[in-house]
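For reference, the structure is listed below as structure tokens.
Residue numbers begin at 1 in each chain, while the letters A, B, ... track the order of the sequences.
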There are 2 protein chains.
Amino acid sequence: MVKDYKKSIFEQFARTGKAFSNAHRIELLEILAQGERTVEQLSLTAGLTVANTSQHLQLLRNAGLVTARKVGQYVHYNLSDDLVIDLLVALRKLSERHLAEVERLVNTYLTVKDDLEPMQVKELLDLAEEGVVTVLDVRPEAEYQAGHIEGALSIPMEQLEERIDELKPGQEVVAYCRGPYCMLAFDAVAKLREKGFTAHRLDEGFPEWRKAGMPVEMKDE
Amino acid sequence: MVKDYKKSIFEQFARTGKAFSNAHRIELLEILAQGERTVEQLSLTAGLTVANTSQHLQLLRNAGLVTARKVGQYVHYNLSDDLVIDLLVALRKLSERHLAEVERLVNTYLTVKDDLEPMQVKELLDLAEEGVVTVLDVRPEAEYQAGHIEGALSIPMEQLEERIDELKPGQEVVAYCRGPYCMLAFDAVAKLREKGFTAHRLDEGFPEWRKAGMPVEMKDE
DNA sequence: GACTTATTCAATAGAATGTGTGATTATTGA
DNA sequence: TCAATAATCACACATTCTATTGAATAAGTC
């Protein structure tokens, strides 16, 4: 009796854990941490076929990690709970510390890492308040629409070069994107500095920001 | 280039996640959260064959979640980091909230749950200080030896009935064991009440207690 | 009603995982 | 040196996962 109970309990936990045992599923969850998405959007962003995406989503749904609501012919998926973000963050932290490989990859890609000091949230808030800095959201337009840091300016990374004159030359810029492993903000900072701006990268992405209860502007849902 | 990087990063995360995708492995981690164990001890507690236990441990080791050190012919395993406990806790919380099944199981087994109010840590500390309550560790002797709450009395659950006279009749007792899903303390409280004691169950187990930086006595390692 | 689009379902093949058995490697002690 | 013990390894088998394909369902449009 107790034995059975014990067995079942751990199996339930494993069911949740299983959701995080596949790279594609983790990526889907990370994307959903940005905000609501349809199946097609998810499949495009993650680079999976629609059917495959749908199947992973079913699994995540069965594990209770995401919710789905149908609007017309579209099914909008979302994280069911902020606890999912907690788990993603815990997973990241643990992986960072233990998998030397992760560290290596981060350092390999980000050769300029030391130059791009991430800004602290408090610092940023103060400076933005005073108008000293511009907070720049370099994610795709759609993601900005779905939700962004309060007062942030949206210039998707691909358009940064052509729209760079929207930024005042003397202005200090803080770029952010999806999270610590999102490359967009790194690329943006590199580009901005190349163009003579003082630019920093925000260590956190939008999900962490929202999770921390910081001011955001969200699309009505 | 960026694509490859992205792929690799999520795969590393998945590797960590994979460790939590199997019920036996989660159980092994939960046991290790109590303290260091040998392969044989783990296999006995989890009810697995030694070879099977060893294989799961290899996987956990490759994922960087546990460390092994050889002492004579024994290999002692341990969690490599408190972040692993964080992840276990996050997994529990998320599972609890989302898997109705977990809730159901807890409630089914613990029909007397409402009667056994868990005590809050602060409350407990105050009362223990004043000598009003006895903190009782009902885990097996070996686990107590490896580490326990400061000042706790050890009476393993199996011996509780015969050694019950070690407790003063009027005394209030607070029992604890391995964690929220460990049955020992529930059984103990039931038994103690049957014997006329005022008994409570501590909601947290030893790992949570230690993790929270509360006073413990540990075996020298 | 026919057509288009978004999503899911069903079936399949191939890869990965989990477990038991028995052999193998270390370490200790006689 | 030999036997005993702890742990790991190597293999084999069954099970489970994953991605792909093409069909089915559901909602909107003409």
Side-chain angles (χ1 to χ4, degrees), chain A residues 3 6-8 10-29 31-32 36-63 65-78 142 146, chain B residues 3 6-8 10-29 31-32 36-63 65-78 142 146:
Chain A
K3 199 84 181 261
K6 192 183 73 170
K7 183 157 167 281
S8 310
F10 288 122
E11 267 163 19
Q12 297 298 335
F13 290 171
R15 202 164 132 206
T16 305
K18 203 159 289 181
F20 295 85
S21 72
N22 175 284
H24 293 316
R25 279 198 293 274
I26 293 178
E27 183 167 12
L28 291 174
L29 289 172
I31 298 167
L32 287 173
E36 201 173 60
R37 294 294 139 84
T38 67
V39 179
E40 196 182 15
Q41 291 173 326
L42 286 165
S43 76
L44 281 173
T45 313
L48 302 172
T49 65
V50 173
N52 195 11
T53 305
S54 178
Q55 298 195 163
H56 282 302
L57 289 170
Q58 298 311 308
L59 190 149
L60 292 174
R61 202 174 164 187
N62 284 334
L65 302 187
V66 306
T67 57
R69 67 191 179 91
K70 189 155 190 174
V71 180
Q73 48 187 158
Y74 295 86
V75 177
H76 296 258
Y77 278 87
N78 212 333
Chain B
K3 199 84 181 261
K6 193 183 73 170
K7 184 157 166 281
S8 310
F10 288 123
E11 267 162 20
Q12 296 298 334
F13 291 171
R15 200 165 135 205
T16 305
K18 205 159 288 186
F20 295 85
S21 72
N22 175 284
H24 292 316
R25 279 198 293 274
I26 294 178
E27 183 167 11
L28 291 175
L29 289 172
I31 298 168
L32 287 173
E36 201 173 60
R37 293 294 139 84
T38 68
V39 178
E40 196 182 16
Q41 290 173 328
L42 285 165
S43 76
L44 280 173
T45 313
L48 301 172
T49 65
V50 173
N52 195 197
T53 304
S54 177
Q55 299 198 162
H56 282 304
L57 289 170
Q58 298 311 309
L59 191 150
L60 292 174
R61 203 173 163 187
N62 284 334
L65 303 187
V66 305
T67 57
R69 64 189 181 91
K70 189 154 189 175
V71 180
Q73 48 188 157
Y74 295 85
V75 177
H76 295 259
Y77 278 87
N78 212 334

For the pair made of CG in A:Leu60 and C1' in D:dC17, what is the distance, rounded to whole Å? 14 Å
Tell me whether B:Gln55 contacts the main-chain N or O of B:Asn52 through its side chain, where contact means a donor paired with an acceptor under 3.5 Å. no
B:Glu40 CD to D:dT5 P, straight-line distance once rounded to whole Å: 10 Å
Identify which nucleotide among C:dT17, C:dT7, D:dT8 has an atom closest to any side-chain atom of A:Thr38, counting heavy atoms from C-beta outward. C:dT7
Nearest-Å distance, CG (B:Leu57) to C1' (C:dT19)? 15 Å
Please tell me if the side chains of A:Leu60 and A:Gln58 come closer than 4.5 Å, counting only heavy atoms from C-beta onward. no
Which whole-number value in Å describes the distance from B:Arg37 CZ to D:dA6 P? 17 Å
Spacing between B:Ile26 atom CD1 and C:dG18 atom P, to the nearest angstrom: 12 Å
If you compare every side-chain N and O of B:Thr49 against the phosphate oxygens of C:dG20 (OP1, OP2), does one of them come in below 4.0 Å? yes
With the side chain of A:Asn52 defined as its heavy atoms from C-beta on, choose the nearest nucleotide among C:dG22, C:dT7, D:dT20. D:dT20
B:Tyr74 side-chain N/O to D:dT8 phosphate OP1/OP2 under 4.0 Å: no
Indicate whether OP1 or OP2 belonging to C:dG18 is found under 4.0 Å from a side-chain N or O atom of B:Asn22. yes
Can you tell me if A:His56 touches the phosphate of D:dC17, counting only side-chain N or O atoms and a distance under 4.0 Å to OP1 or OP2? no
Nucleotide C:dT7, atom P - distance to CG of A:Leu44 in whole Å: 10 Å
Would you say C:dT8 has OP1 or OP2 under 4.0 Å from some side-chain N or O of A:Ser54? yes
Could you give me the CA-CA distance, side-chain angles and deciding distance for A:His56 and A:Arg25, then say whether side chain to side chain donor-acceptor pair (under 3.5 Å) is met? CA-CA 6 Å; A:His56 282 302; A:Arg25 279 198 293 274; 3.2 Å; yes
Would you tell me if any nitrogen or oxygen in the side chain of A:Tyr77 comes within less than 4.0 Å of OP1 or OP2 on C:dT8? yes
Here the distance between atom P of D:dT8 and atom NE2 of B:His76, to the nearest Å, is 12 Å
Does A:Lys18 place a side-chain N or O at less than 4.0 Å from the phosphate oxygens OP1/OP2 of D:dC17? yes
Taking only side-chain nitrogens and oxygens of A:Arg25, does any of them come within less than 4.0 Å of OP1 or OP2 of D:dT18? yes
For B:Thr53, answer base if it contacts any base atom (sugar-phosphate contacts may also be present), sugar-phosphate if it contacts only those atoms, and nothing otherwise; contact means non-hydrogen atoms under 4.0 Å. nothing
Indicate, with a heavy-atom threshold strictly under 4.0 Å, whether A:Gln55 touches base, sugar-phosphate, or nothing. base
Hey, what's the ring geometry for A:Phe10 with A:Phe13, parallel, tilted or perpendicular (30° and 60° as the breaks)? perpendicular
State whether the side chain of A:Ser54 and the backbone N or O of A:Val50 hold a donor-acceptor pair below 3.5 Å, judged by distance alone. no
What nucleotide, of C:dA6, C:dT19, D:dA19, holds the atom closest to the side chain of A:His24? D:dA19
Of the listed nucleotides D:dC9, C:dT27, C:dT8, the one nearest the side chain of B:Ala51: D:dC9
Do A:Arg61 and A:Thr67 have side chains that approach each other closer than 4.5 Å (heavy atoms only, starting at C-beta)? no
Would you mind classifying the nucleic acid contact of A:Val39 as base, sugar-phosphate or nothing, using non-hydrogen atoms under 4.0 angstrom? sugar-phosphate
Could you tell me whether A:Ser21 contacts a base, only the sugar-phosphate backbone, or nothing, with contacts defined as non-hydrogen atoms closer than 4.0 Å? nothing
Atom pair distance, as rounded to whole Å: CD in A:Gln58 and C1' in D:dC17: 16 Å
Measure distances between side-chain N and O atoms of B:Gln73 and base N and O atoms of D:dT5, and say whether any donor-acceptor pair falls under 3.5 Å. yes
